[in-house]
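We use all heavy atoms of the structure for the numbers below, so side chains are in, but hydrogens, waters and symmetry mates are not. Reminder, nothing fancy here: chain letters follow the sequence lines and each chain counts from 1.
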Amino acid sequence: MPFTIATWNINSVRLREGLVAKLLTDEAPDILCLQECKAPVDKMPLQAFAALGYTHCVARGQKGYNGVAILSKLPIEDAGDRDFATLGHARHVAARLENGVTIHNFYVPAGGDIPDREQNPKFGQKLDFLTDMQHWFAAERPHKAILVGDLNIAPREDDVWSHKQLLKIVSHTPIEVEQLGRTQEAGRFVDITRQDIPQGLLYSWWSYRAADWDAADKGRRLDHVWATPDIAGAAHSSRVLRDARGWEQPSDHAPVFATFDL
DNA sequence: ATGGTAGACGCTCTA
């Protein structure tokens, strides 16, 4: 049975409850993974989403920052969470579908502004988070798994508006790109978005600080959909819903979609 | 080289 999954950094699920409802109504993915909910689970408006048919949910939250949720029209069971890099942050949660597919929803730390762990501990935490992911996936040997989320790294030259100008900008530095590659390899994950859209500039995030984000189009592909090789061949129809970046009072991220025929 | 915007929380941090 085919299902569509979407991932979206929502930047406050309470403030943007209406935008989530719009996405669920207009696009109707079977599963929506949210990051940066910025609320404890009991403050997330999950009843409103249940009323739209998303009656299944697993989530992890905290006051003010981080927070991840998996909303689903299909039955899911809670498959746990991990505190990567021991930050005590709600940045990961997993769910299992009845067909045995495990979904990992990640919010990787942004890493601050300076790409040097001596000058900027947050950058070190980002690298450590990825190293922990590598160790875990290397031990876990995931199968029938989908990993989505805001990984806060744009790995390819055509994942950013200017490769050259972003080489020293956190999210596109060589050390981060290398770390993300190692993380992908540790779980043998296939980049589903680029499997479907192999060529050309592709972004999922545009800064709030641009005067005209659409005209400037200085984006980055920070949001990803990966899958293990045993199900990667079932994936198709990947897309970024760029329109959502232009909605009223938007998130700075656009949702990324993929469909799996499983 | 700099500063620009946004959200939560509470007078500052994170992105």
Side-chain angles (χ1 to χ4, degrees), chain A residues 7-23 33-46 48 59-69 83-92 105-117 119-130 148-155 159-162 164-173 175-176 179-180 203-224 242 244-256:
Chain A
T7 177
W8 196 12
N9 177 317
I10 193 60
N11 187 18
S12 174
V13 72
R14 282 182 287 182
L15 190 69
R16 285 185 247 284
E17 174 187 334
L19 295 191
V20 175
K22 177 175 170 57
L23 187 85
C33 297
L34 297 170
Q35 304 88 34
E36 265 207 286
C37 294
K38 289 187 171 177
V41 174
D42 63 5
K43 297 266 176 61
M44 297 183 190
L46 302 176
R60 299 292 187 273
Q62 63 185 91
K63 186 178 175 184
Y65 305 101
N66 310 313
V68 287
D83 183 14
F84 295 92
T86 328
L87 301 172
H89 295 173
R91 293 182 178 273
H92 168 253
N105 183 16
F106 274 94
Y107 177 44
V108 172
D113 287 334
I114 304 168
D116 179 334
R117 70 157 70 229
Q119 294 178 64
N120 169 24
K122 285 194 180 60
F123 191 72
Q125 290 178 353
K126 181 179 197 174
L127 299 179
D128 292 346
F129 192 100
L130 292 161
V148 306
D150 177 3
L151 305 185
N152 265 314
I153 297 172
D159 290 337
V160 295
W161 65 276
S162 169
K164 198 171 177 180
Q165 285 180 255
L166 288 174
L167 274 170
K168 293 180 178 174
I169 302 299
V170 171
S171 74
H172 192 62
T173 64
I175 187 167
E176 290 170 272
Q179 274 284 58
L180 190 69
Y203 313 139
S204 65
W205 173 89
W206 296 261
S207 173
Y208 283 124
R209 297 176 189 180
D212 185 339
W213 71 273
D214 195 29
D217 201 21
K218 292 183 173 179
R220 305 177 201 170
R221 188 171 70 101
L222 303 180
D223 303 276
H224 298 267
R242 183 182 170 116
R245 181 61 179 80
W247 291 350
E248 184 77 21
Q249 200 172 25
S251 168
D252 46 355
H253 294 252
V256 181

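- In this structure, A:C37 and A:D150 both approach DNA chain B, and ranking their closest nucleotides by distance from the 5' end singles out A:C37.
- Under the 3.5 Å distance criterion, the side-chain polar atoms of A:W247 are left unmatched by any main-chain donor or acceptor of A:L19.
- For the P atoms, the distance from B:dA15 to B:dC9 is 15 Å, rounded to whole Å.
- In this structure, A:H92 and A:F84 have perpendicular ring planes: the angle between them is above 60°, well past the 30° mark.
- A donor-acceptor contact under 3.5 angstrom links the side chains of A:W206 and A:D217, judged on distance only.
- Among residues two or more places apart in sequence or in another chain, the side chain to side chain contact (heavy atoms under 4.5 Å, CB included) test is passed with A:K218 by A:W161, A:A216.
- From the 5' end on, the contacts that DNA chain B makes with chain A at under 4.0 Å to a non-hydrogen atom open and close at B:dG4 to B:dA15.
- Between the C1' atoms of B:dT14 and B:dG10, the separation comes to 15 Å (whole Å).
- Listed by chain and number, the residues in a side chain to side chain donor-acceptor pair (under 3.5 Å) with A:W205 are A:D252 (sequence neighbours excluded).
- In this structure, A:R220 fails the cation-pi test against A:Y203, since its NZ or CZ atom is not both closer than 6.0 Å to the six-membered ring centre and inside 45 degrees of the ring normal.
- With DNA chain B read from its 5' end, the first of the two nearest nucleotides for A:K122 and A:Y208 is the one closest to A:Y208.
- Rounded to a whole angstrom, the distance from the C1' atom of B:dG7 to that of B:dC11 is 16 Å.
- Across all strands, A:R91 comes closer than 4.0 Å only to sugar-phosphate atoms, never to a base (heavy-atom distances).
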